[in-house]
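Scroll down for the structure; my scribbles are underneath it.
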Amino acid sequence: MLNPQQHAAVEYCDGPLLVLAGAGSGKTRVITEKISHLISRRHLAPEKIAAITFTNKAAKEMRERVSKLISDDASKALTVCTFHALGLKFLQIEHDRAQLRRGFSVLDADDSGNMIKELSPKGIKPDVLNGIRNLVGRAKNAGLTPDEAMAAARSPRELEAAQIYDMYQTRLAAFNAVDFDDLIRLPLRILEADDEARAIWQERLRYLLVDEYQDTNDAQYRLLRTLTGTKGRFTCVGDDDQSIYAWRGANPENIDQLGKDFPQLRVIKLEQNYRCAKRILRAANHLIANNPHVHEKKLWSDHAEGPPIRVLECKDNEHEAERVASIAASLHEKYKDKVRWSDFTILYRGNFQARALEKALRLARVPYHLSGALSFLDRAEVKDILCYLRLLTNPTDDAAFLRVVNVPKREIGATTLEKLGTMAQTRNASLLEASRSDAVLKTIAPRSASALASFSRLIDELRSSSIHQSAADLVETVLDRTGYAAQIASTIADPTLRERKLGNLRELADWFRAMGKDGGRTGDLTAQLALLSHADRDDPGNALRMMTLHSAKGLEFRFVFIVGCEDGTLPHEGAIDEGRLDEERRLMYVGITRAKELLTLSFSARSRKYGEVLSNDPSRFLQELPQDDLHWDGKDPDADAEVTRETAATHMARIKAMLAGGV
DNA sequence: CAGAGGAAAATTTTT
DNA sequence: TTTTCCTCTG
């Protein structure tokens with residue numbers, strides 16, 4: 001049953017709509033119900049509807065939920081994907097207008113980061129390099145061309161970044177490749193400039209629903225605006241309190257921009273929380289009240305009060321991990337029939353924090369699933385094979401060429417490649433083309449030249465056989481014909497490791513099989529896979545989930561642990577230094593509001609960084625919580641059982657004194 | 001050109 | 001402490 005506000009949000013389809021939806025207020029429900037409503041009551045064809053999310057995980061979940069409301073055929077025709085995936089789809093159809101050739105490559109963040117590094121002065125300091133990457137990304141997200149970025153540069157550093165941006169785009173064009181930002185920027189440029197394309201796409205997508213709207217950046221917002229035209233056939237759902245991506249260019253002010261660009265905008269607030277126990281919600285509201293607010297909203301819940309929020313005070317990370325693991329295990333034991341492992345989650349600020357937890361969970365025999373950390377798509381062997389596929393479908397992809405030319409070892413080293421690179425550049429040819437040319441090969445040492453020649457022959461042979469093969473079969477062929485499989489067999493002594501690598505490659509083939517069910521070119525599938533590079537393994541099963549606070553957004557769990565509640569970790573020290581505490585606070589808010597029943601916060605007095613021991617203060621956010629709802633558990637492990645409540649204020653003072661004195 | 005061994009850096013969050 | 005990168009040797 002929908003509440004009146006949700007109902008109104010679903011029914012209102014005549015103009016632009018903004019839904020300000022607090023945490024746990026049923027916003028995904030509104031979107032899925034609305035899709036169903038548009039199809040069955042408004043008779044809109046499902047292929048003309050697109051629901052846009054920010055993560056693949058959210059897209060997957062939304063598709064699952066909506067498929068229960070509509071027919072299979074309708075579900076298939078519907079577009080449910082991320083902004084980036086929509087951009088990719090656009091470019092694959094409109095590659096001519098984007099001046100890309102079919103089979104263009106999508107570089108992941110690693111590839112593009114490395115390319116910018118190569119274009120920067122060598123010996124550059126890592127933080128300066130990161131600054132450049134940031135500035136380049138910002139220019140792209142603002143929808144600026146390299147020329148515009150150079151004109152807009154206000155400092156020597158910005159000018160340098162703009163020049164690197166220019167070289168970077170030139171190189172991408174030469175490689176027939178795009179990066180993540182281009183997946184938004186290029187479609188936007190085409191739609192804004194090309195009336196015909198705009199008309200086609202506005203007709204093609206008649207209604208847009210955007211989830212997590214507060215995370216849109218400027219380019220994404222313009223894309224939305226351009227796609228929906230002046231009529232504004234869209235529903236945006238967002239929550240300014242859950243804006244946690246400003247660091248990568250998200251602009252939460254897009255929420256206000258909507259009202260300026262669409263004066264007819266209707267705004268509906270969802271304020272009833274269906275997820276959290278009263279106490280948990282009170283803590284969240286209390287915390288977030290410390291942030292400035294443009295849109296006041298008062299979230300309420302009619303759930304039970306719930307138990308106090310536990311705060312675990314620990315000696316060090318290991319101790320913290322052990323306690324969290326043992327509390328989880330005893331809860332699971334205590335409520336055996338009523339609780340599943342998948343009801344638990346442990347959240348943290350940075351992926352590195354998972355390490356200590358993993359160890360403790362293994363020891364406690366708790367089944368867990370790590371989401372987000374080095375997925376199999378990030379593994380070297382999988383990336384190698386993907387680069388082979390990229391090179392096969394896009395012979396000008398020099399980045400892929402460089403990655404695989406000497407894998408497995410073919411005696412093609414740095415000197416040879418440098419020479420090849422210069423030759424290719426003067427002839428305006430790709431590296432693969434250059435290594436096919438006799439004139440080029442003549443200038444290279446005979447041994448290396450013949451190695452290069454046989455490599456290019458190998459690629460050409462593989463390409464001709466690739467035409468008749470599915471992507472999954474092609475993976476097998478590549479493994480076999482390139483000698484990659486043989487290399488794994490001969491060079492890796494450890495049988496477990498060898499099996500893991502081969503298993504990863506088999507899984508890659510499986511992915512292609514699953515993705516290619518409805519057809520699709522190998523090149524297109526490879527590009528799609530680049531977008532999945534993180535965290536989207538299928539069903540983790542009945543296991544405790546561990547993830548960063550960022551990737552927890554949109555999810556809910558009965559039992560939530562947030563570890564590392566220390567100043568310097570959460571809030572992160574960089575954020576403290578730069579005075580960006582609001583976003584850190586929202587991150588904590590997101591974490592707290594994931595919990596339905598039980599919330600446990602923990603911090604440790606000491607932690608090891610690079611082997612060095614540091615002492616921490618408890619997170620300042622702990623003091624911003626309603627102290628009456630907290631239950632402090634001291635360092636003594638026995639205290640984990642049942643502890644007398646101490647007033648939080650005295651306890652906090654004692655901890656501070658102890659930290660100041662000790663260590 | 002490849003592998004070994006030692007020095008230096010690494011930890012914020014993601015499409 | 002662990003991982004990555006660089007240099008040196010065969």
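The sequence lines fix the lettering, A, B, ..., with proteins before strands; numbering per chain opens at 1. Just so it is clear, the model here is predicted, and its values are computed rather than measured.
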Which nucleotide sits closest to the side chain of A:Lys409: B:dT15, C:dT3, B:dG3?
B:dG3

Base, sugar-phosphate, or nothing: which does A:Asn406 touch, judged by heavy atoms less than 4.0 Å apart?
sugar-phosphate

Rounded to whole Å, how long is the line connecting atom CG of A:Leu357 with atom C1' of B:dT11?
15 Å

Lys/Arg N to Asp/Glu carboxylate O, A:Lys27 vs A:Asp211, below 4.0 Å:
yes

Winner on side-chain proximity to A:His550, out of B:dT13, B:dC1, B:dT15, is B:dT13

By nearest-heavy-atom nucleotide on DNA chain B, the more 5' of A:Thr416 and A:Ala85 is A:Thr416

Looking only at B:dT15, B:dT11, B:dT13, the nucleotide nearest the A:Phe352 side chain is B:dT11

Is a side-chain N or O of A:Gln214 found less than 3.5 angstrom from the main chain of A:Ile255, in a donor-acceptor match?
no

Expressed as a whole number of angstroms, how long is the span from A:Arg586:CZ to B:dT13:P?
18 Å

A:Thr548 side chain near B:dT14 phosphate (N/O to OP1/OP2, under 4.0 Å)
yes

Rounding to a whole Å, what distance do you find between A:Gln528:CD and B:dT15:P?
16 Å

Taking C:dC6 as the reference, what is the distance to B:dT11 when you measure between their C1' atoms (whole Å, please)?
22 Å

Check the distance between C:dT2's C1' and A:Lys359's NZ and give it to me in whole angstrom.
13 Å

What's the separation between atom CD1 in A:Ile52 and atom CG in A:Leu224, rounded to the nearest 0.5 Å?
8.5 Å

Just checking A:Ala109: base, sugar-phosphate only, or nothing, at a heavy-atom cut-off of under 4.0 Å?
base

Is A:Trp247 stacked on the base of B:dT13 when the test is centres under 5.5 angstrom and planes under 30 degrees?
yes

How is A:Thr415 classified with respect to the nucleic acid when contacts are heavy atoms under 4.0 Å: base, sugar-phosphate, or nothing?
sugar-phosphate

Checking all strands, does A:Gly413 fall into the base, sugar-phosphate, or nothing category for heavy-atom contacts under 4.0 angstrom?
sugar-phosphate

Is A:Asn351 close enough to B:dT11 that one of its side-chain N or O atoms is under 4.0 Å from OP1 or OP2 there?
no

Would you name the heavy atoms of A:Ala399 and A:Phe175 that are closest together and state the gap between them?
N-CE2, 3.4 Å

Can you tell me the distance, in whole Å, between the NZ atom of A:Lys419 and the C1' atom of B:dC1?
14 Å

Between B:dT13 (C1') and A:Phe54 (CZ): distance, integer Å
15 Å

Side chain of A:Glu411 - closest among B:dA2, B:dT15, B:dT13
B:dA2

Could you say whether A:Glu578 or A:Ser448 is positioned toward the 5' end of DNA chain B, judged by the nucleotide with the nearest heavy atom to each?
A:Ser448

Could you tell me which nucleotide pairs with C:dT9 by Watson-Crick or G-U wobble geometry, both distances under 3.5 Å, or answer none if nothing does?
B:dA2

Looking only at the side chains, is there a donor atom on one of A:Ser604 and A:Glu566 sitting less than 3.5 Å from an acceptor on the other?
yes

Can you tell me the distance, in whole Å, between the CZ atom of A:Arg133 and the P atom of B:dT15?
18 Å

Does A:Arg355 reach a base, just sugar-phosphate, or nothing at all? Heavy atoms under 4.0 Å.
sugar-phosphate

Rounded off to whole Å, could you give me the CG-to-P distance for the A:Leu347 and B:dT13 pair?
14 Å

Side chain of A:Arg608, base of C:dT1: donor and acceptor closer than 3.5 Å?
no

Heavy atoms only, 4.0 Å cut-off, all strands: where does A:Tyr245 land among base, sugar-phosphate and nothing?
sugar-phosphate

Polar side-chain atom of A:Lys57 near backbone of A:Ser551 as donor-acceptor pair, under 3.5 Å
yes

Does B:dT13 have a Watson-Crick or wobble mate here (both distances under 3.5 Å), and if so which one?
none

Using the ring of each side chain (for Trp, its six-membered ring), is A:His550 parallel, tilted or perpendicular to A:Trp247, with breaks at 30° and 60°?
perpendicular

